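Given the structure is predicted, the values throughout are model-derived calculations rather than measurements. Both ligands and their constituent atoms are indexed starting at 1 by order of listing.
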Amino acid sequence: MKKGFIFDLDGVITDTAKYHFIAWRNLGAKIGVDVDLKFNEQLKGISRMDSLDRILAHGGKENDFTLEEKEALAAQKNDEYVTLLQSLTPADLLPGVKEFLDQANTKGVPCAIASASKNAPFILEKLGVKDQFAGIVDPATLHKGKPDPEIFIKAAELLNIKPEEAVGFEDAQAGIDGIKACHMFAVGVLSGEPLHGADVTCHELTELNMDELLQK
Ligand code: BG6
Ligand code: MG
């Protein structure tokens, strides 16, 4: 019997991946690295700094910038990303998310967010669902990012349950790997690329039966 739900944010609650892509592509253009849609897949679920490191390595520029310069580049990317986020409204929740959260709250099943994004509280506020989460893991407190399970273990702690008592929802392979590494039940939310190791997959949350999930 499961006792709580743990959600990734980008690609599960809302489709912010397109805004991350625009901001990284524009930053890449400034420093001479081509960030295309296929390469962008490798940035899903990965922290801001790790994403920048991957972009620099992709362009063979891993030794071209000091830490200070990299921090400035990451800040530039985030400024553009946050500007793009200003237009978010509750209409930007992915299909079935609002209904799923409402149903969980009605059933008394607590929900938490396990996202690498430092913008998560702001995004949830814009989407009008922040109050529906009992906890949001602060990614600044993490020692390791996904695929390490630390973020999912912390999210379960916020809900006062064990990892194996939770159901985790993820759209990125790094996230599915993190969920499974702490023996959590994994729901893979598909958006094109296959997800390996998920216990169940769907294209949107409307396809899921909550009572069946709670019995896993
Ligand atoms: C993850 C996204 O949720 O958050 C990544 O999938 C992103 O693409 C990461 O890099 C960090 O987000 P932010 O908002 O802190 O730059
Ligand atoms: Mg995601």
Leu9 near ligand 1 by a heavy-atom separation under 4.0 Å: no
Protein residue, atom and distance nearest to atom 16 (O) of ligand 1, heavy-atom basis: Arg48 NE, 2.8 Å
Side-chain (Asp177) to main-chain (Ala174) donor-acceptor, under 3.5 angstrom: no
Atom 6 (O) of ligand 1: nearest protein contact (heavy atom, Å): Gly45 N, 2.7 Å
Fellow cluster residues of Leu190, listed by chain then number, with links counted only when side-chain atoms sit under 4.5 Å apart: Ile176, Leu195
Heavy-atom side-chain proximity of His20 to Lys77 below 4.5 angstrom: yes
Winner among Ser117, Ala17, Gly11 once heavy atoms are compared against atom 13 (P) of ligand 1: Ser117
Atom 8 (O) of ligand 1: the protein heavy-atom neighbour that sits closest, reported with distance to 0.1 Å: Leu43 O, 3.2 Å
For the Mg ion (ligand 2): protein N/O/S atoms at distances below 2.8 Å: 3
Ligand 1 contact on Ile46 by region, counting heavy-atom pairs under 4.0 Å: backbone
Mode of Lys118 contact toward ligand 1 - side chain, backbone, both, neither (heavy atoms, under 4.0 Å): both
Minimum side-chain heavy-atom gap Tyr81-Ile22 below 4.5 Å: no
